[in-house]
There are 2 protein chains.
Amino acid sequence: MDAINIKQLAKALNLSTSTVSRAFRNNSDINKETKERILTKARELNYQPNHYASNLREKKSHTIAVIVPELANNFFLQAINGLERVASEKGYHILIYLTYDKYEKEIAFINDLHNGRADGIIMSVSGESAKEHSYLHRLKNKNIPLVFFDRIYEDIDAPRVTSNDYESSFAATEHLIESGCERIAFLVIHKSLSIGKMRMQGYQDALLKHHLPYQDELVIDCSNNLEENYKILSQAFKTLRPDGALAAVERLAIASYYVCHDLGISIPQDLKIISFSSLEIAPLLNPSLSTITQPAYEMGAQAAALLFRSIETGSMEGPTEHIILKSKLIKRQSTANESPVINLFQR
Amino acid sequence: MDAINIKQLAKALNLSTSTVSRAFRNNSDINKETKERILTKARELNYQPNHYASNLREKKSHTIAVIVPELANNFFLQAINGLERVASEKGYHILIYLTYDKYEKEIAFINDLHNGRADGIIMSVSGESAKEHSYLHRLKNKNIPLVFFDRIYEDIDAPRVTSNDYESSFAATEHLIESGCERIAFLVIHKSLSIGKMRMQGYQDALLKHHLPYQDELVIDCSNNLEENYKILSQAFKTLRPDGALAAVERLAIASYYVCHDLGISIPQDLKIISFSSLEIAPLLNPSLSTITQPAYEMGAQAAALLFRSIETGSMEGPTEHIILKSKLIKRQSTANESPVINLFQR
DNA sequence: TTGTACGCGTTATCAT
DNA sequence: ATGATAACGCGTACAA
């Protein structure tokens with residue numbers, strides 16, 4: 001009743017296991033007819049080569065691991081879609097790991113991946129500021145390629161796919177300024193994380209360019225928890241009275257919407273909001289949300305392509321590639337000056 | 001430079017491989033000190049037991065496969081989050097497969113999973129009406145447990161976790177009727193799929209109860225493509241002039257919003273909309289969207305629990321469990337009678 | 001408590 | 001073109 005193996009199949013056909021094995025590998029010499037005979041019988045007996053035995057022999061798992069902070073974020077979703085396409089085209093399988101921004105989880109996952117479970121790793125790093133990355137260096141020693149996407153560690157030399165966060169952040173801030181904002185808050189989750197830093201820098205430089213003062217208190221450090229963010233943002237909006245806000249992460253824009261509604265702050269009259277976000281229905285929000293939208297799907301696909309290049313060449317030599325894709329700034333109602341009517345649903 | 005194996009580690013310690021092996025397995029008798037010594041050295045040499053060799057020995061992969069139609073749907077997202085929690089608690093790894101509603105993909109994935117890659121499978125079936133499910137029967141022969149969630153095949157006897165679709169659909173339709181609708185459209189993607197059928201039946205029965213005629217033309221069969229749906233729905237709204245719509249799937253509600261905007265149909269005055277949806281920001285839409293919200297996270301968690309029960313008992317005997325969780329009907333602006341002001345952001 | 005020896009299911013090498 | 005055999009790395013009877 002249990003799984004049939006190659007020996008039993010061979011016996012049933014009066015052939016040797018080697019011949020049977022060859023029938024499943026494409027390159028080897030084998031008589032067409034016997035191959036047919038074997039495959040037919042295999043189907044009949046519901047035989048398939050044991051994956052683990054093959055991997056043990058070949059030292060290849062045909063599996064890649066994807067480590068992301070979370071799924072409840074349209075950016076990661078779309079990115080995974082993108083890399084899934086590439087991986088499945090190559091016949092690779094995908095293991096998914098969620099860190100929930102916990103550094104310890106990330107270490108645990110990576111350590112679990114030293115043992116051959118995956119041929120390569122694609123990762124968007126955990127949010128917690130981490131000093132110690134030796135667990136990543138060890139990967140290299142084992143010849144397991146690693147590719148970063150979106151969120152990276154600057155001190156690790158690995159191929160990476162990111163978007164032009166600095167420029168986007170700069171442009172978004174400038175857009176707020178040009179829409180008349182003078183007290184612009186920057187809503188961020190992990191200041192220390194590289195991605196937060198880039199976005200922050202763009203924000204600061206745009207202020208500078210337009211001779212607006214940078215005020216530390218207007219940088220609002222949030223958490224991953226909706227309740228907490230609600231409190232933090234309520235407090236901040238009440239006391240600081242910003243007239244513009246740039247959210248470094250989608251969920252902070254969402255939280256802001258709830259807060260504004262409850263506090264009677266109207267968007268965009270009292271407060272203009274723009275956010276890094278891959279939310280597809282941003283046009284349908286009330287008011288429609290201006291966004292900086294990263295090419296998430298494409299980033300995922302490119303990251304996968306990069307990884308497969310490493311896997312296929314087998315070597316991790318050569319210059320480390322760094323692909324930067326451009327985000328789009330889409331202006332909608334949440335940063336508009338006049339009242340709606342037109343362009344409400346700009347897509 | 002390559003991965004170190006148990007032999008080398010044993011040699012480095014002047015021990016036998018069996019002793020080393022025991023250090024990594026918890027139950028076996030082994031001297032505490034030697035165990036410590038082994039683990040220390042292992043860490044030092046960056047040794048970890050080879051996953052594939054272990055699996056080959058133990059015939060266990062500590063991996064489960066999750067097959068879903070897509071990720072771009074909040075329901076599946078949250079469900080995956082739920083089952084990830086359970087799986088990672090058990091130390092299991094998760095393989096993800098996306099069918100994009102293609103029957104052939106589903107078959108290919110399932111066939112790929114016969115070979116030991118996963119200890120069990122959790123699946124929400126592909127949308128295409130499939131007649132032939134022998135590929136699933138073959139799984140049973142190999143003792144690979146299967147659990148359905150949300151979307152099931154009725155002719156396959158496997159544990160399942162669903163929500164009370166019929167009742168929800170009935171209640172939603174009734175809600176529309178009570179809000180004054182008389183020409184209620186039912187927007188669906190795959191009429192033939194079991195889940196579509198249940199939701200359709202609830203719709204029909206509610207009409208019946210309230211003495212409204214069931215009209216075939218008001219059942220609008222859509223696709224998975226936004227462009228196509230836009231056309232289909234535009235046409236339907238223009239010619240059929242429904243005053244209410246129940247969307248069996250989130251994306252059809254979204255498409256409807258776009259269509260209504262472009263056609264100048266105002267929600268809820270001209271058309272009231274309610275949708276099966278796990279969209280967390282439904283309250284933020286313009287207007288906020290009334291939803292039937294399934295307990296997605298919980299469904300995922302329960303499905304995983306069910307699967308692990310099968311995996312752990314090893315037997316697939318006993319009655320097939322069928323867990324039904326209740327969805328919530330949340331009334332918001334899109335089905336309201338009066339003008340907004342109050343409750344706009346009901347969460 | 002530790003070591004020896006075999007087998008898990010496959011594929012690569014070598015021989016026929 | 002096909003068959004015999006060893007080896008991949010590990011875990012477990014069994015022996016010591």
Side-chain angles (χ1 to χ4, degrees), chain A residues 2-39 41-42 45-63 112-119 142-144, chain B residues 2-39 41-42 45-63 112-119 142-144:
Chain A
D2 249 334
I4 184 177
N5 63 24
I6 198 171
K7 266 190 203 165
Q8 299 165 32
L9 179 57
K11 191 182 293 179
L13 286 157
N14 270 326
L15 287 171
S16 75
T17 60
S18 353
T19 312
V20 174
S21 177
R22 273 187 273 259
F24 287 91
R25 314 216 27 70
N26 294 326
N27 42 355
S28 310
D29 318 317
I30 186 170
N31 187 310
K32 277 231 162 147
E33 289 167 32
T34 45
K35 179 168 177 176
E36 273 316 309
R37 211 158 58 87
I38 292 171
L39 293 180
K41 194 76 176 177
L45 297 185
N46 193 17
Y47 166 80
Q48 283 194 259
N50 180 293
H51 176 239
Y52 290 104
S54 303
N55 289 160
L56 181 57
R57 267 307 312 224
E58 300 178 11
K59 301 198 167 191
K60 266 283 198 176
S61 64
H62 290 276
T63 302
D112 236 14
L113 289 168
H114 278 85
N115 56 12
R117 214 181 249 276
D119 294 344
K142 296 240 180 158
N143 263 309
I144 300 175
Chain B
D2 249 334
I4 183 177
N5 64 23
I6 199 171
K7 263 191 204 164
Q8 299 164 35
L9 179 57
K11 192 183 291 178
L13 286 158
N14 271 323
L15 287 172
S16 77
T17 60
S18 20
T19 311
V20 173
S21 176
R22 274 186 270 261
F24 287 90
R25 312 217 19 71
N26 295 326
N27 43 351
S28 310
D29 315 318
I30 186 170
N31 187 308
K32 276 230 161 150
E33 289 166 33
T34 44
K35 179 168 177 177
E36 273 315 309
R37 211 158 58 87
I38 293 171
L39 294 180
K41 193 76 176 181
L45 297 184
N46 193 17
Y47 166 80
Q48 283 193 259
N50 180 293
H51 176 240
Y52 290 103
S54 304
N55 289 160
L56 182 55
R57 262 310 310 232
E58 300 179 19
K59 302 198 166 191
K60 267 283 198 176
S61 63
H62 290 277
T63 301
D112 236 16
L113 289 168
H114 277 86
N115 55 11
R117 215 181 249 278
D119 294 343
K142 295 238 181 163
N143 262 310
I144 299 175

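Order of the sequence lines fixes the chain letters, A, B, ..., with proteins taken first and strands second; residue numbering starts at 1 for each chain.
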Q: Quantified as the angle between the terminal helix axes (five pairs each), what is the overall bend of the helix from C:dT1-D:dA16 to C:dT16-D:dA1 to 10 degrees?
A: 40°
Q: The side chain of B:S21 lies closest to which of these nucleotides: D:dG3, C:dG3, D:dT12?
A: D:dT12
Q: Out of C:dT2, C:dG9, D:dT2, which nucleotide sits closest to the side chain of A:N31?
A: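 In terms of side-chain proximity for A:N31, the closest of C:dT2, C:dG9, D:dT2 is D:dT2.
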Q: Of A:P49 and B:V20, whose nearest nucleotide on DNA chain C comes first from the 5' end?
A: B:V20
Q: Give me the atom names and distance for the closest heavy-atom approach of A:V20 to A:L15.
A: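 Shortest heavy-atom contact: CG2-CB, 4.5 Å.
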Q: Counting side-chain heavy atoms from C-beta on, which of D:dT5, D:dG11, D:dT2 comes nearest to A:T34?
A: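 Between D:dT5, D:dG11, D:dT2, the one nearest the side chain of A:T34 would be D:dT2.
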Q: Looking at B:R22 and C:dG3, is any side-chain donor or acceptor paired with a base atom of the opposite kind under 3.5 Å?
A: yes
Q: I want to verify a distance call: between C:dG3, C:dG9, D:dC10, whose nearest atom is closest to the B:N5 side chain?
A: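 Side chain of B:N5 sits closest to D:dC10.
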Q: Among D:dG3, C:dA5, C:dT11, which nucleotide has an atom closest to any side-chain atom of A:T19?
A: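 Closest nucleotide among those given: D:dG3.
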Q: Under 4.0 angstrom, heavy atoms only, what part of the nucleic acid is B:Y47 near: base, sugar-phosphate, or nothing?
A: sugar-phosphate
Q: At under 4.0 Å between heavy atoms, what does A:Q48 touch on the DNA or RNA strands: base, sugar-phosphate, or nothing?
A: sugar-phosphate
Q: Could you tell me whether the side chain of B:R117 reaches within less than 4.5 Å of the side chain of A:T63, counting heavy atoms only?
A: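 When only atoms from C-beta onward are counted, B:R117 and A:T63 do touch, with a gap below 4.5 Å.
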Q: Just compare C:dG3, C:dG7, C:dT11 and give me whichever is closest to any side-chain atom of A:S54.
A: C:dT11
Q: Counting side-chain heavy atoms from C-beta on, which of C:dT2, D:dC10, D:dG3 comes nearest to B:N50?
A: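 Minimum distance to the B:N50 side chain belongs to D:dC10.
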Q: Answer yes or no: is there a side-chain heavy-atom contact under 4.5 Å between B:T34 and B:I30?
A: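 Result yes, sub-4.5 Å side-chain heavy-atom pair found.
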Q: Do A:Y52 and B:H51 make the cut of ring centroids closer than 6.0 angstrom?
A: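 Yes.
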Q: Establish whether the base of D:dA4 is bridged to the side chain of A:S16 by a donor-acceptor pair shorter than 3.5 Å.
A: no
Q: Which heavy atom of A:K142 sits nearest to which heavy atom of B:N46, and what is that distance?
A: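 Reported closest heavy-atom pair: NZ-O, 2.8 Å.
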Q: Tell me whether the OP1 or OP2 atom of C:dG9 has a side-chain N or O from B:K59 closer than 4.0 Å.
A: yes
Q: With no angle test and no hydrogens, is the base of C:dT4 tied to the side chain of B:S18 by a donor-acceptor pair under 3.5 Å?
A: yes
Q: Please determine whether a side-chain nitrogen or oxygen atom of B:R25 lies at a distance below 4.0 Å from atom OP1 or OP2 of D:dT12.
A: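 Checking B:R25 against D:dT12: at least one side-chain N or O falls below 4.0 Å of OP1 or OP2.
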Q: Give a yes/no answer on whether the side chain of B:Y52 brings an N or O atom under 4.0 Å of OP1 or OP2 in C:dT11.
A: no
